[in-house]
Amino acid sequence: MLSNKQKERILEIFGEKRYNEAIRCIDIYTEKWQLDNFELIDVPARNLVLNCISPRYGLCVLKIGFDDFDRA
């Protein structure tokens with residue numbers, strides 16, 4: 001799962017509302033695809049991007065977009 005430092009960075013970049021959305025998505029896809037070993041890709045973008053590993057799919061990138069980004 002995510003380290004405390006990664007969680008703090010996501011909260012800092014995206015705010016509390018999007019942080020909570022991101023954590024819900026990460027939990028869903030971690031269970032669905034057996035994701036592990038997350039590495040936050042700290043890029044100036046509107047999306048949260050994480051490198052991760054799945055025993056099922058190998059190296060993966062999990063990209064979480066926020067539909068209401070412009071309306072925040």
Side-chain angles (χ1 to χ4, degrees):
M1 200 49 157
L2 296 170
S3 70
N4 286 337
K5 184 177 178 181
Q6 290 173 323
K7 289 178 182 179
E8 290 170 7
R9 184 68 180 137
I10 293 168
L11 188 57
E12 178 184 318
I13 294 169
F14 295 103
E16 187 173 353
K17 179 183 176 191
R18 290 187 188 92
Y19 168 84
N20 291 330
E21 291 175 29
I23 294 301
R24 280 193 297 274
C25 287
I26 291 168
D27 289 344
I28 289 167
Y29 293 112
T30 294
E31 184 177 329
K32 185 174 183 171
W33 296 327
Q34 301 172 331
L35 302 177
D36 194 18
N37 199 18
F38 289 94
E39 178 187 337
L40 176 63
I41 305 302
D42 200 354
V43 295
R46 295 181 173 193
N47 303 305
L48 173 62
V49 182
L50 300 155
N51 283 334
C52 50
I53 297 174
S54 167
R56 214 165 157 189
Y57 302 107
L59 297 174
C60 302
V61 174
L62 179 61
K63 178 179 167 185
I64 300 172
F66 302 103
D67 292 336
D68 65 343
F69 199 95
D70 292 326
R71 292 177 289 194

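Computed from a prediction, not measured in an experiment: that's the story for all the values here. Position 1 is the first residue of the sequence, and the numbers go up from there.
The shortest non-hydrogen separation linking Lys63 to Asn47 is CE-ND2, 3.1 Å. Closest approach of Ile64 to Ala22, counting heavy atoms only: CD1-O, 3.8 Å. Across Leu50 and Leu40, no two heavy atoms sit closer than the pair CD2-CA, 3.6 Å. Minimum heavy-atom separation, Cys60 to Leu35: SG-CD2, 4.4 Å.
For Arg9, the salt bridge (Lys or Arg N to Asp or Glu O under 4.0 Å) partners two or more places apart in sequence, or in a different chain, are Glu12, Asp42. Residues satisfying the ring pair (Phe, Tyr, Trp, His ring centres under 6.0 Å) test with Phe38, not counting sequence neighbours, are none.
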Exercise. Carefully, step by step, assess Ile23 and Leu2 under the rule side chain to side chain contact (heavy atoms under 4.5 Å, CB included).
Key: CA-CA 9 Å; Ile23 294 301; Leu2 296 170; 3.9 Å; yes
Quiz prompt | Stepwise side chain to side chain contact (heavy atoms under 4.5 Å, CB included) check, Leu59 with Asn51 | solution = CA-CA 7 Å; Leu59 297 174; Asn51 283 334; over 6 Å; no
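With contacts defined as side-chain heavy-atom distances shorter than 4.5 Å, the pair Tyr57/Gln34 does not qualify. The shortest distance between side-chain heavy atoms of Ile26 and Leu62 falls below 4.5 Å.
The distance from atom SG of Cys52 to atom CH2 of Trp33, rounded to the nearest 0.5 Å, is 9.0 Å. Atom CD1 of Ile28 and atom CZ of Arg24 lie 8.0 Å apart (nearest 0.5 Å).
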